[in-house]
Amino acid sequence: MKAPFPQTNRRILIIDDTPAIHDDFRKILAPQVSDAADLQQLEQTLFGTQQTPHLSFQLDSAYQGQEALALVNRALASGNPYALAFIDMRMPPGWDGLETIEQLWRVDPNLQIALCTAYSDYSWEAMAERLEFGDQLLILKKPFDSLEIRQMANALTWKWQLAQDAALKMLSLERTIEARVHELLKVSHLLQYDSLTELPNSTLLGDRLSQAIAVCRRHDKQLVVMFLGLDRFKRINNALGHPAGDEMLKRVARQLLTCVRDSDSVFRYGSDEFVVILGDINHPQQTHAVAEKLLTAIRLPQTIAGHDVSVTASVGISVYPDDGLEATELIKKAETAMRNVKELGPDNIGFFIEAMNQHAREQHSIESGIRRALQEHEFVLHYQPKIDLRTAAVVGAEALLRWQKPGHGWVYPADFIPVAEDSGLIVPLSKWVLAEACRQTRAWQLAGLPPIRMSVNTSPIDFRQRDFVAGIERVLQQTGLAPEWLELEITEGVLMQNVEATMTALNRLKTLGTRLAIDDFGTGYSSLSYLRRFPIDVLKIDQSFIRNLCNDRSDAALVSAIINLGKSLGLNVIAEGIETAEQLAFLKAHHCEEGQGYFFSKALPADTFAQLLAGTQPTPWAIE
């Protein structure tokens with residue numbers, strides 16, 4: 001059984017000046033429904049077969065070309081166009097068939113045409129000269145019979161529908177392809193451009209720089225790479241929040257763009273780092289002037305979130321071809337120059353020199369050494385005693401890390417901790433220090449020595465680890481040390497980073513039972529509000545204030561104020577870096593509870609510290 005005809009456009013326009021012709025078309029293409037139904041019923045009765053549905057067409061009539069044009073326009077406007085028009089060649093007194101076709105195709109180029117002619121009206125050559133014979137025009141020779149009319153109507157309306165379906169599918173395909181292309185371009189843009197500043201990012205930097213190098217090589221020109229790092233930018237995030245920091249980054253990006261030529265390029269390389277490529281540079285002095293211009297623009301004060309904010313930057317510079325021939329090499333050397341000049345202070349400019357490479361190699365060597373030392377157990381802890389300034393008793397110790405490097409001797413923290421923090425190795429290193437300090441404290445307790453509280457330093461990177469508190473709980477459980485014998489020393493800067501998350505972590509530690517100490521108090525924010533807000537137990541006065549205590553009235557006044565502040569808040573106050581009897585006398589006179597420093601003892605190996613705890617050796621200090 002054949003499938004029924006799908007729904008299609010069967011609208012046909014008859015254009016002829018003779019009314020009888022219209023009647024003939026209607027008899028052929030649109031017979032009376034009742035007659036057709038009777039005929040189908042008769043056939044089914046006689047032959048017992050199911051008849052296919054009778055094709056019907058929707059016919060409209062026009063008697064002149066101008067009338068036909070109006071009907072076609074109206075059909076298009078209503079969204080229900082004609083599929084086919086039967087057009088008589090001669091329709092006096094108006095347009096003839098050829099002119100009617102020309103007019104109709106101007107408004108509806110998709111309309112299928114059957115031109116009814118006796119060929120005597122126009123020669124074939126004359127018609128071909130006026131009309132383009134394509135697949136939308138068929139010639140129906142007079143006289144014609146009903147079969148020809150039905151076949152032509154059926155074929156041409158089907159052809160119109162198929163053409164429309166193909167056009168719709170093509171349009172849909174084009175839109176799909178266009179949407180996909182836009183999606184791919186968007187993804188490509190996201191991969192190659194920074195969403196915050198809208199600058200090209202480090203992904204695009206390598207490609208753009210390689211292209212610029214190729215141009216300079218071809219024309220024997222110099223090229224400059226500037227690596228800019230904002231100075232102490234984290235302070236803006238910590239003080240005003242990340243939205244303010246993001247706004248400052250966007251403004252810095254705009255400032256950089258206003259300072260360079262159209263032929264130069266600006267990239268966002270990292271969180272607070274930018275790279276500028278300067279092409280066609282003739283003299284290093286020209287480079288220095290551009291760098292000064294960039295720094296001047298960056299340091300302009302900005303008003304953000306109601307606050308006046310300013311920031312500075314450090315700039316490192318490498319030059320093609322003097323410092324390298326490849327993009328990666330030039331970027332690395334410019335970054336090296338920036339990091340070296342940043343150590344000299346903010347708002348500086350530095351060119352790459354080979355000695356910086358040597359420094360970078362040394363840093364890499366230290367990093368490799370730390371990895372090896374963790375595996376080979378080359379790290380040890382020494383313990384500096386904390387003294388009760390009233391009784392002279394040892395009441396605690398601070399665990400201090402030492403590296404016993406084979407063939408080198410002792411390496412002190414100042415020489416390797418910065419590298420550990422930069423490389424992320426501070427995390428496994430800190431975990432080892434915590435575990436070893438807790439294990440040793442518990443071992444002394446089990447040996448019957450007087451119990452003391454063990455202090456362990458915590459870096460900002462440690463504190464930001466998601467499992468920081470859980471890790472401390474795990475170490476205490478594994479070593480068997482009670483939480484009240486552990487004291488964690490954190491800096492003021494840690495407290496001001498992500499305050500809500502910090503508060504949550506500190507409260508968990510406090511609930512656990514560990515003591516919390518602010519290390520190097522007085523060198524950072526020193527805010528009374530955070531001392532009240534955070535669950536702090538101890539203030540440690542920084543040794544820089546203790547050092548000049550007896551010679552500088554300002555330091556003496558500051559130390560006295562810190563001691564009084566601690567007492568008013570119910571905090572224990574510890575002075576670190578005590579080296580003279582005069583310093584000790586001042587601290588005692590102002591009722592500072594505890595102290596540590598070389599006046600009492602340097603940091604000791606575990607076995608020597610155990611002898612100190614056991615009292616088998618006389619204490620080398622006296623407190624009167």
>> A side-chain contact here means heavy atoms from C-beta on lying under 4.5 Å apart; do Ile490 and Leu506 qualify?
In response: yes
> Under 4.5 Å between any side-chain heavy atoms of Ile349 and His288, yes or no?
Replying inline: yes
> What about Tyr269 and Phe227, are their ring centers closer than 6.0 Å?
Replying inline: yes
> What about Phe379 and Phe416, are their ring centers closer than 6.0 Å?
Replying inline: yes
> How about Leu228 and Met338: do any of their side-chain heavy atoms sit closer than 4.5 Å?
Replying inline: no
> Are the side chain of Ser459 and the backbone of Asp462 linked by a donor-acceptor contact shorter than 3.5 Å?
Replying inline: yes
>> Do Leu205 and Ile277 make a side-chain contact, defined as non-hydrogen atoms from C-beta onward lying under 4.5 Å apart?
In response: yes
> Can you check whether Arg508 reaches Leu512 side chain to side chain, under 4.5 Å on heavy atoms?
Replying inline: no
> So do Leu223 and Val319 actually touch side chain to side chain, heavy atoms under 4.5 Å?
Replying inline: no
>> Would you say the ring centers of Trp410 and His382 fall short of 6.0 Å from each other?
In response: yes
> Side chains of Asp519 and Thr491: donor-acceptor distance under 3.5 Å anywhere?
Replying inline: no
> CD1 of Ile518 to CG of Asp542: how many Å apart, nearest 0.5 Å?
Replying inline: 13.0 Å
> Among side-chain atoms of Gln596 and Gln384, is any donor-acceptor pair under 3.5 angstrom?
Replying inline: yes
